[in-house]
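Below is one structure, written out as structure tokens, with a few remarks after it.
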Amino acid sequence: MVPKLIIVTGGVMSSVGKGVTTASIGRILRARGLNVNAIKVDPYLNVDAGTMNPYQHGEVFVTYDGGEIDLDLGHYERFLDVELSRRNNITSGQIYLSVIEKERRGEYLGQTVQLIPHVTDEIKKRILDAADGFDVTLVEIGGTVGDYEQLPFLEAARQLRLELGEENTLFVHVAWVPLLPTTEEFKTKPLQHSVAELRRYGIQPDAVVARSQKPLDKAAIKKISLFANVPASAIFNSYDVDTVYRVPLVLEEQGMGDFLTRRLALRAARPDLSDWQNFVDALANPRVEVKVGMCGKYVELRDSYISIVEALRHAGAALRARPKLVWINSDEVEKRPEMLSDIDVDAMVVLPGFGKRGTEGMIECIRHARVNKIPFLGICFGMQLAVVEFSRNVLGLRGANSTELDPDTPHPVVHLAPEQLGVDKLGGTMILGNREVEIVPGTLAHRLYGASSTVERHRHRYEVNLDYLPKLQEAGLVVSGWRTDIRRVEIIELRDHPFFIATQFHPEFRSRPTKPRPVFRGLLSAALLAKGGEEGGGGDQGVRQGGG
Ligand code: GLN
């Protein structure tokens with residue numbers, strides 16, 4: 001079967017929502033019963049996003065098969081409701097590494113190894129491998145047209161059009177159209193230039209998605225059509241909306257789904273976006289607001305925790321509650337713990353993280369939530385630090401810590417997982433991706449999941465030290481989730497608290513708009529229940545932790 005590719009390029013500037021546009025195109029095709037796949041190409045030289053810090057690149061998204069990849073793949077998974085493989089993120093680093101390894105093995109013996117054809121062949125091969133077996137595959141080329149690093153990918157895309165033919169390839173160019181505030185006029189020139197630049201590499205877009213602050217007027221569309229050499233019927237406008245989840249509806253309304261299926265001769269069913277529409281309606285019309293404290297050290301950069309933010313939104317929509325996020329910088333709490341008494345939250349999330357900075361502040365946030373009975377969720381690092389907090393302040397183990405933060409702690413209640421001991425390379429060596437988790441009956445976790453096992457994604461090196469477990473359990477810490485393959489703590493909770501749960505895994509990566517993950521829903525339910533007492537509006541029966 002010849003693969004069908006929709007290749008998405010970006011023009012004018014970055015951060016205008018190319019990832020969301022790609023994901024939205026995917027959604028409207030999925031809504032037609034098509035088996036849709038999505039690939040992100042990242043022109044940087046890192047092999048994967050795993051070793052970049054959040055300041056560089058926002059969140060590192062983790063796939064089921066342990067890939068540490070670009071956060072755009074998170075949008076794809078959420079919009080498409082699929083599980084993508086690590087193979088769906090292609091970077092220049094991977095391409096060059098494999099070409100050079102092949103050269104060293106002698107696979108190109110006798111030849112001069114060159115950008116064209118060797119590097120472009122490798123790119124094409126990876127795209128076609130990942131596209132195999134799907135009705136249609138979206139390929140988003142990261143960066144902005146004109147970037148040096150992007151050239152081999154554009155060249156590979158041009159060759160793919162030549163080789164696969166017009167009926168099997170479609171180029172969508174996404175570009176920003178600024179609105180001049182003085183004259184209230186749309187300026188299409190930057191977009192025109194970016195299309196001209198694209199043509200220099202032999203690519204004529206088949207469709208344009210013009211991103212703008214407000215809906216474009218007819219005159220602007222006419223101009224884009226003329227200068228981009230694209231019929232007006234293939235120009236779509238993605239203007240700013242209240243939530244990114246509305247973008248598929250905006251594009252569908254303009255007929256983009258029908259245009260794509262016709263142009264690629266896809267065998268599509270009638271579109272059904274009713275679930276999606278209901279979700280967007282629920283998101284846009286909450287009945288109540290819940291203030292959620294978000295404690296971590298990268299809080300000034302919201303993209304660092306994007307999957308958690310989205311997971312809370314999904315859970316909120318199911319409960320008709322809008323999570324209002326209150327970002328708490330753990331560095332600041334570390335310096336001034338008393339500030340917590342001025343922070344008014346209905347729930348507290350302690351976020352994932354690495355390294356020592358700000359950790360005492362995170363531990364303070366956990367103590368604050370535990371003592372004041374604020375519904376609490378700890379994720380990965382947040383779970384490890386909850387064990388540290390409990391060890392110090394309930395069990396009385398002074399100086400208890402994770403060996404990641406204090407290698408000489410007298411009480412290493414969290415330590416390096418044994419299989420990590422010999423690891424000296426930092427790229428791709430953590431405990432990564434799916435692991436099965438057994439859930440203990442009679443626990444909060446069991447009530448939330450309503451099942452005796454689940455599968456969740458992981459990204460960590462450290463874990464609860466089992467030597468301390470008997471003492472911790474005696475003091476009231478409940479282990480409600482275990483890894484099934486080896487004996488490892490996956491979920492902890494406290495009983496004498498309305499809702500206190502923490503997970504070693506990352507539940508956020510499996511959350512979907514219409515399928516929120518149980519712990520996020522439970523957290524918001526518990527917060528609503530507590531609020532309901534004062535405000536009389538809860539919306540949901542909530543989940544309360546009973547005796548077991
Ligand atoms: N730094 C901790 C570890 O490596 C937690 C990681 C995380 O929060 N993702 O185990």
Side-chain angles (χ1 to χ4, degrees), residues 293 295-296 328 330 333-334 337 340 345 347-353 356 358-417 437 439-440 442-446 448 460-483 487-505 507 519 522-523 526 544-548:
C295 172
I328 305 174
S330 57
V333 180
E334 192 161 308
L340 283 178
V345 292
M348 177 78 83
V349 179
V350 172
L351 298 158
K356 188 160 172 55
T359 49
E360 291 302 320
M362 294 168 91
I363 292 170
E364 258 325 295
C365 283
I366 297 166
R367 199 189 64 81
H368 180 74
R370 181 177 58 78
V371 172
N372 297 302
K373 309 264 188 246
I374 300 168
F376 168 82
L377 170 63
I379 302 177
C380 200
F381 206 33
M383 181 263 210
Q384 297 170 359
L385 295 177
V387 171
V388 170
E389 193 279 326
F390 187 86
S391 304
R392 289 184 192 173
N393 302 331
V394 178
L395 206 53
L397 300 178
R398 283 187 59 182
N401 216 331
S402 162
T403 53
E404 177 182 4
L405 314 170
D406 177 6
D408 304 317
T409 168
H411 296 292
V413 291
V414 174
H415 66 177
L416 198 65
V437 177
I439 300 173
V440 179
T443 59
L444 169 62
H446 196 261
L448 293 173
H460 66 113
R461 290 184 204 282
Y462 293 82
E463 60 174 21
V464 177
N465 182 347
L466 295 179
D467 293 344
Y468 281 88
L469 206 53
K471 275 194 192 158
L472 290 165
Q473 285 173 310
E474 224 169 88
L477 190 94
V478 177
V479 176
S480 52
W482 292 95
R483 233 170 91 175
R487 204 174 142 75
R488 294 284 163 80
V489 175
E490 286 282 358
I491 314 176
I492 60 153
E493 51 191 73
L494 295 180
R495 285 208 197 283
D496 58 347
H497 191 286
F499 187 98
F500 190 106
I501 195 163
T503 65
Q504 180 59 76
F505 53 78
V519 290
L523 178 78
R544 183 183 274 282
Q545 177 156 22

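Remember, predicted model here, so these are calculated numbers, not experimental data.
- No side-chain donor-acceptor contact under 3.5 Å links Ser330 to the backbone of Met362.
- Here the side chains of Gln384 and Gln504 are in contact, with some heavy-atom distance below 4.5 Å.
- Taking each heavy atom of Phe390 and Ala475 in turn, the nearest pair found is CZ-O, 3.3 Å.
- From Leu466, atom CG reaches atom CZ of Arg488 across 7.5 Å, with rounding to the nearest 0.5 Å.
- The structure places CG of Leu472 at 7.5 Å from CG of Leu397, a figure rounded to the nearest 0.5 Å.
- Within the 4.5 Å cutoff, the side chain of Val489 has heavy atoms near those of the Trp482 side chain.
- Residues Val479 and Val440 are not in side-chain contact: their nearest non-hydrogen atoms beyond the backbone lie 4.5 Å or more apart.
- Residues Pro412 and Tyr468 have side chains in contact (heavy-atom distance under 4.5 Å, counting atoms from C-beta outward).
- Between Asn372 atom CG and His497 atom NE2 the span is 8.0 Å, to the nearest 0.5 Å.
- Atoms CG and SG, on Leu385 and Cys365 in that order, are 10.5 Å from each other to the nearest 0.5 Å.
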Before you tell me yes or no, could you show the steps for Thr359 and Glu404 under side chain to side chain contact (heavy atoms under 4.5 Å, CB included), namely the whole-Å CA-CA distance, both residues' side-chain angles and the distance that decides it to 0.1 Å? CA-CA 11 Å; Thr359 49; Glu404 177 182 4; over 6 Å; no
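- Here the options are His446, Glu493, Glu490, the test is side-chain hydrogen bond (donor to acceptor under 3.5 Å, both in side chains), and the partner is Ser480; only Glu493 passes.
- Met383 and Thr503 get closest at one heavy-atom pair: CB-O, 3.3 Å.
- Proximity of a side-chain donor or acceptor of Glu360 to a complementary backbone N or O of Glu334 within less than 3.5 Å is not detected.
- The line from CZ of Arg370 to CZ of Arg367 is 7.5 Å long, rounded to the nearest 0.5 Å.
- The CG atom of Leu448 sits 8.5 Å away from the CD1 atom of Ile439 when rounded to the nearest 0.5 Å.
- Counting heavy atoms from C-beta on, the side chains of Glu463 and His415 come closer than 4.5 Å.
- In this structure the side chain of Leu477 reaches within 4.5 angstrom of the side chain of Leu494, judged on heavy atoms.
- The nearest pair of heavy atoms linking Lys373 to Pro498 is O-CG, 3.4 Å.
- Shown here for Phe500 and Ile366, the closest heavy-atom pair between the two residues is CZ-CG2, 3.9 Å.
- Of all heavy-atom pairs between Glu364 and Pro337, the closest is CG-CB, 3.8 Å.
- What you find for Ala386 and Ile492 is that their closest heavy atoms are CB-CD1, 4.1 Å.
- Between the Arg461 side chain and the Leu416 main chain, no donor and acceptor come within less than 3.5 Å of each other.
- Taking Lys471 as the reference, Leu395 meet the side chain to side chain contact (heavy atoms under 4.5 Å, CB included) condition, with sequence neighbours excluded.
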